[in-house]
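Proteins come first, then strands; the chains are lettered A, B, ... in the order of their sequence lines, and each starts at number 1.
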Amino acid sequence: MCLFAIVEGRVGELDDTDSLIGGEIDLDRVVAVALDVTAYESDTDFPISNEVFLNKEPDQGVLPDDRLVEQDGCFLVALPKYDYNTEIIWSKTVVRCDDFRLEDFEGELMLYHPQRTQAVYLNETSAVLWRLCDGQRNCQEIADLLVDAYPDQKATVINDVQNILDEFVRLGIAALQ
Amino acid sequence: MMAQGAVVVEFADSQAFIAWQGKGVLAIIKTLFGVAVHCVSCDDTHIYKNKYKFVITSEGICSLSRDNHMLYEGGIEGDAAGILIDNMIHDLAADCAAGPVFHAAALAIYGKGVILPAKSGYGKSTLTAWLAQGEYDYLTDELVLIEAETLRIIGLHRPLYLRAPLLQFVAEHIGERQKAQRDGYDKGLFRSQRGMLVHIDHLRANNLYSQPAVTQIVFPRYLAKAPPRLERLSEAHACMRLMEHMVNARNLKNHGVQLASRLARRVPAYVLTYDDLDSAERLIGEALRA
């Protein structure tokens, strides 16, 4: 069974329950713990949720209470089959790389890096996010902006932002500072 | 005295010089590069940046060098021919600044041009060979220059280069026509350990060497057991893929991004996934008719 701790907005994978409870993580800073259902065991008591709990205060969470299990001051929630082993650190500022030539196709973008001879396609959502990576906002603030725009889809938006920013960093079209 | 001379191979504004020596060497070069070959004086060597020397001795030993660096020495003409064409294509593409050059095959049908940009291993040459046996005119299977204003396709005319794994395909579909004509390379083909160069006349004798405007861009990908599928790309997605296959971006203003963008906006582009060649031909035809 894999567990993930959400610490000040950062999602980090933990080796096992013992390492979480035992002390590497400061429990005062843990606002949620998530179960990865890719390793979900049918006999577990943890409920399954399709939402990600990322609020800094657990009592402000969007998840129904019956989906949360309090354990040693943490809240546990089962997660769907997403890859949360992310490199994104939510408190970090994300800055787009300006070495790319840009072509705008009515919302969609094509980026080209001459030295790397690298071409990247961004759909409309990714393009909006890339433009928000102006060095003035951290990842959390970027996510908050989009959540404000789509409050009904909060969990999905946060998940998308996380995945897309991860991809930006992986592709080298944006960097964390 | 051994026959000798010099030629220049041209592709748009790009040129490469070959000094040749030996019986049959000029015929081999002409077979490889067709109408792109022009005879010049041996004394003109200083004019050209890329200089090759191709010799076949009376004992049948081939030697191929580039700027005095030996590329091949041995007894297999097909190997020398394959190495020559690979190196020259790289040089011609790298130096071209007349427009965007793509690593792509190109064909024409009823005055419409289709380009098939693809990386090695995606089945581009096999699909091109298949289409060229049917109604399509073969233009090239390697390098395509698109004129910015007219969208005219300028292909580097060369024999199809079928790598060794595709020889079975050739054997099945070309049959008796694949016999090399030892003394007449103008309609011959070259075998080597790396593959086989097949002159287009062996695929379709009445092929027309036209320069139609491109009306369709298809990015082919062979996937075993995949259902045949032709998916329309957005303009941005097409532009990204075109940039991935552009081989002379560094020679072009703004690295050719605007040229690729203009092409993507004007010409419909598709991704073709296929398992069998019949389906691939049908899907391309349907898109052209649409």
Side-chain angles (χ1 to χ4, degrees), chain A residues 83 87-88 94-135 142 145-146 149-150 153 156-157 159-175, chain B residues 89-90 93-97 99-104 115 117-120 122 143-144 146 148 217-219 221 231-273:
Chain A
D83 179 11
E87 296 299 321
I88 290 293
V94 60
V95 186
R96 63 175 176 260
C97 175
D98 284 332
D99 295 336
F100 283 87
R101 301 284 191 277
L102 183 149
E103 276 294 301
D104 192 333
F105 292 81
E106 298 176 349
E108 294 179 311
L109 290 180
M110 197 287 298
L111 310 179
Y112 182 73
H113 195 293
Q115 280 71 46
R116 299 184 207 154
T117 62
Q118 176 194 14
V120 179
Y121 160 76
L122 299 183
N123 63 20
E124 290 186 35
T125 305
S126 300
V128 168
L129 226 65
W130 193 72
R131 291 183 194 279
L132 289 172
C133 298
D134 55 2
I142 290 173
L145 274 176
L146 294 182
Y150 304 97
Q153 302 169 48
T156 304
V157 167
N159 194 39
D160 287 349
V161 168
Q162 182 173 331
N163 289 336
I164 292 169
L165 293 181
D166 265 346
E167 189 70 358
F168 284 1
V169 172
R170 189 186 69 77
L171 291 170
I173 64 173
Chain B
I89 280 172
H90 179 268
D95 290 345
C96 183
V101 177
F102 300 99
H103 184 219
I115 65 170
K119 298 172 185 171
S120 296
Y122 277 51
L143 273 190
V144 168
I146 305 292
I217 302 165
V218 178
F219 298 92
R221 183 165 196 193
E231 182 185 3
R232 178 79 183 262
L233 291 174
S234 71
E235 293 173 357
H237 212 153
C239 184
M240 184 271 286
R241 284 176 173 263
L242 285 170
M243 289 306 301
E244 286 181 335
H245 294 91
M246 192 185 290
V247 294
N248 66 336
R250 66 186 178 135
N251 300 337
L252 304 174
K253 183 183 176 186
N254 197 26
H255 299 275
V257 170
Q258 284 155 350
L259 294 168
S261 168
R262 192 184 308 171
L263 184 58
R265 291 174 200 273
R266 294 173 66 184
V267 181
Y270 305 83
V271 169
L272 169 67
T273 309

How long is the span from the [atom1] atom in [X] to the [atom2] atom in [Y], to the nearest 0.5 Å?
X: Phe105(A); Y: Glu235(B); atom1: CZ; atom2: CD; result: 6.5 Å
X: Met110(A); Y: Glu244(B); atom1: CE; atom2: CD; result: 10.0 Å
X: Gln115(A); Y: Arg250(B); atom1: CD; atom2: CZ; result: 12.5 Å
X: Leu242(B); Y: Tyr112(A); atom1: CG; atom2: OH; result: 12.0 Å
X: Glu106(A); Y: Arg265(B); atom1: CD; atom2: CZ; result: 7.5 Å
X: Met246(B); Y: Thr117(A); atom1: CE; atom2: OG1; result: 11.5 Å

What closest approach, in Å, do Val257(B) and Arg101(A) show between heavy atoms, and which atom pair accounts for it?
->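 Heavy atoms only, the tightest pair is CG2-CB, 4.0 Å.
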Looking at Glu103(A) and Ser261(B), what are the two nearest heavy atoms and their distance?
-> OE1-OG, 2.6 Å
Residue pair Tyr121(A) / Cys239(B), side-chain heavy-atom distance below 4.5 Å | no
Would you mind checking which part of Asp104(A) comes under 4.5 Å of any heavy atom in chain B, side chain (CB onward), backbone (N, CA, C, O), both or neither?
->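 Just the backbone, heavy atoms under 4.5 Å.
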Chain A interface, residue from Ala249(B), Ser234(B), Ala264(B) that has the most non-hydrogen pairs under 4.5 Å =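 Going by pairs under 4.5 Å, I would pick Ser234(B).
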